[in-house]
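Every number for a ligand or one of its atoms is a count from 1 in the order of the listing. Note that the coordinates shown come from a computational prediction; the quantities given were computed from them, not determined experimentally.
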Amino acid sequence: MAQTRAAFLHSPEIDRYRYPPDCPFKTERAGMTRRILAGVGLLSGPGRWEVGFQAAPRPVLERFHTARYLDAMQRSAAGDLDVSAFGMGFGQPEAPVFREMYDYAALACGATLRGADLVADGEADVAFNPSGGYHHAGPETAAGFCYVNDVALACLVLAEGFDRVLFLDVDVHHGDGVQDCFYDRADVMTMSFHETGESLFPGTGFPQDVGTGAGRGYSVNVPLPPGTYDAALVRAFEAVAPPLVEAFDPDVIVYEVGADGLAGDPLADLALTNNAYAELARQVAGFGKPVLATGGGGYHPENTARAWALVWSILVGEHQQDTMQVGLGGVMLETTDWQGGLRDRTLVVSAEQRDAVEPAIDRVVEAVRTHVFPLHGL
Ligand SMILES: [Zn+2]
């Protein structure tokens, strides 16, 4: 197989931005991921490089967001939070206002769109923006720490150059903003694996939500029960994703890898280790399509950064057994936040957990088979 050409999107400039200190969303996860990868030599070498980017210009943002929303974001960032901006979400607990809010959101979006260009132009097989994945933002809504929906914009851009785009989202929260954007379109399939909306924000994303009009069958939702562990997620993924990906046959995949499904994440209730994210990444790479990957949620910063480093290592083809032992000695001299190896220890699954999760997984897989598969002749 040819060498995977992989671009990592990060810069010292984006590393300077921070949400307010009391906000659980930590932008520093991107820089942490970069440091881990640089330490093990996985950012350089044949076919791998780091790429800079510019803020997405306002006319580009207006392809998804309304002018009055972007005006409100700029006004709020400048200290003028009015009733109309508050009504759009600005200043609420999960969309705190900070001075560089607009600049950060536009720059993070610019990174994702640069990655979209690289895969669209055939310059990269894989591009990864750990500062991307703001899937909750709506045309006129800030929500869930998301202001500019970079992934929806990337899908819009990619759908111009390609016939079929798959947005595959494994963040623990439903990718509502992207789904809503493409709900009536057949050229962009959205597929989201997330903790069920019965227990978690944003409360949407059920198997019967399959799209509308021409888009019927092109929104795929796989809600997971609290306590979902690695083998259960992998089983749901394998039952749903490969047949639908084969049927849809996307030209390109936008892959949102929120790591907030990890056990111990303070905002969610799944019980995954990063081995599950690694296995999903392995399967996504195995689809053989160009992949634009982004970060997303992940509220335990160290675990999130390690998961993203592991996912990158797999997407770029370093997925031989225990690859991550490579360079261990050198890394331990340079960092204190990593004791060696990127992989989490496997977690023991209790009989109770299994009894609670397995039937729910069976039900959701069956529901997707019932509601979506027939629309694709499956
Ligand atoms: Zn999330």
Side-chain angles (χ1 to χ4, degrees), residues 19 23-30 32-33 89 92-96 104-105 108-109 112 128-138 141-152 154-155 167-181 190-206 209 219-230 233 236-237 254-274 276-277 280-281 284 292-308 310-311:
Y19 283 39
C23 177
F25 191 90
K26 303 298 181 194
T27 55
E28 42 275 64
R29 300 165 308 155
M32 291 165 63
T33 306
Q92 301 194 19
E94 293 197 343
Y104 172 75
C109 181
T112 298
F128 179 41
N129 173 22
S131 301
Y134 295 95
H135 58 173
H136 297 306
T141 315
F145 314 122
C146 302
Y147 305 91
V148 165
N149 198 323
D150 61 310
V151 272
C155 291
F167 177 66
L168 176 56
D169 186 339
V170 299
D171 186 281
V172 81
H173 301 95
H174 175 230
D176 55 345
V178 185
Q179 174 178 294
D180 292 351
C181 180
T190 62
M191 184 184 297
S192 180
F193 294 80
H194 49 266
E195 180 177 337
T196 174
E198 288 170 2
S199 53
L200 194 67
F201 174 90
T204 51
F206 295 95
D209 304 329
S219 290
V220 183
N221 286 293
V222 188
L224 305 162
T228 292
Y229 44 88
D230 291 353
L233 170 62
F237 186 89
V254 178
Y255 185 34
E256 170 150 352
V257 194
D260 36 11
L262 290 172
D265 188 282
L267 296 196
D269 314 292
L270 302 194
L272 304 174
T273 75
N274 65 21
Y277 288 104
L280 267 44
V284 169
L292 167 61
T294 70
Y299 301 93
H300 186 300
E302 290 79 13
N303 291 352
T304 297
R306 202 154 38 82
W308 288 348
L310 178 62
V311 165

Enquirer: Is H173 close enough to the Zn ion (ligand 1) to have an N, O or S atom under 2.8 Å?
Expert: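 Yes.
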
Enquirer: Just do the ring pair (Phe, Tyr, Trp, His ring centres under 6.0 Å) check on F25 and Y134 with the steps written out, would you?
Expert: CA-CA 11 Å; F25 191 90; Y134 295 95; 5.7 Å; yes

Enquirer: Restricting to N/O/S, name the atom of D171 that gets closest to the Zn ion (ligand 1).
Expert: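 So the atom name we want here is OD1.
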
Enquirer: Which is the closest N/O/S atom of D260 when seen from the Zn ion (ligand 1)?
Expert: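 Within D260, restricted to N, O or S, the Zn ion (ligand 1) is closest to atom OD2.
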
Enquirer: Check the side chains of N129 and T112 for a donor-acceptor pair under 3.5 angstrom, ignoring hydrogens and angles.
Expert: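 Yes, because at least one side-chain N or O of T112 sits under 3.5 Å from a partner of the opposite role on N129.
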
Enquirer: Can you see whether N221 engages H174 through a side-chain donor-acceptor pair at a distance of less than 3.5 angstrom?
Expert: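 The criterion, which ignores hydrogens and geometry beyond distance, is satisfied for H174 and N221.
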
Enquirer: Applying the side-chain contact (heavy atoms from CB on, under 4.5 Å) criterion to Y255, which one of D169, T294, L168, V151 satisfies it?
Expert: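 So, applying the side-chain contact (heavy atoms from CB on, under 4.5 Å) to Y255 and each of D169, T294, L168, V151, only L168 qualifies.
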
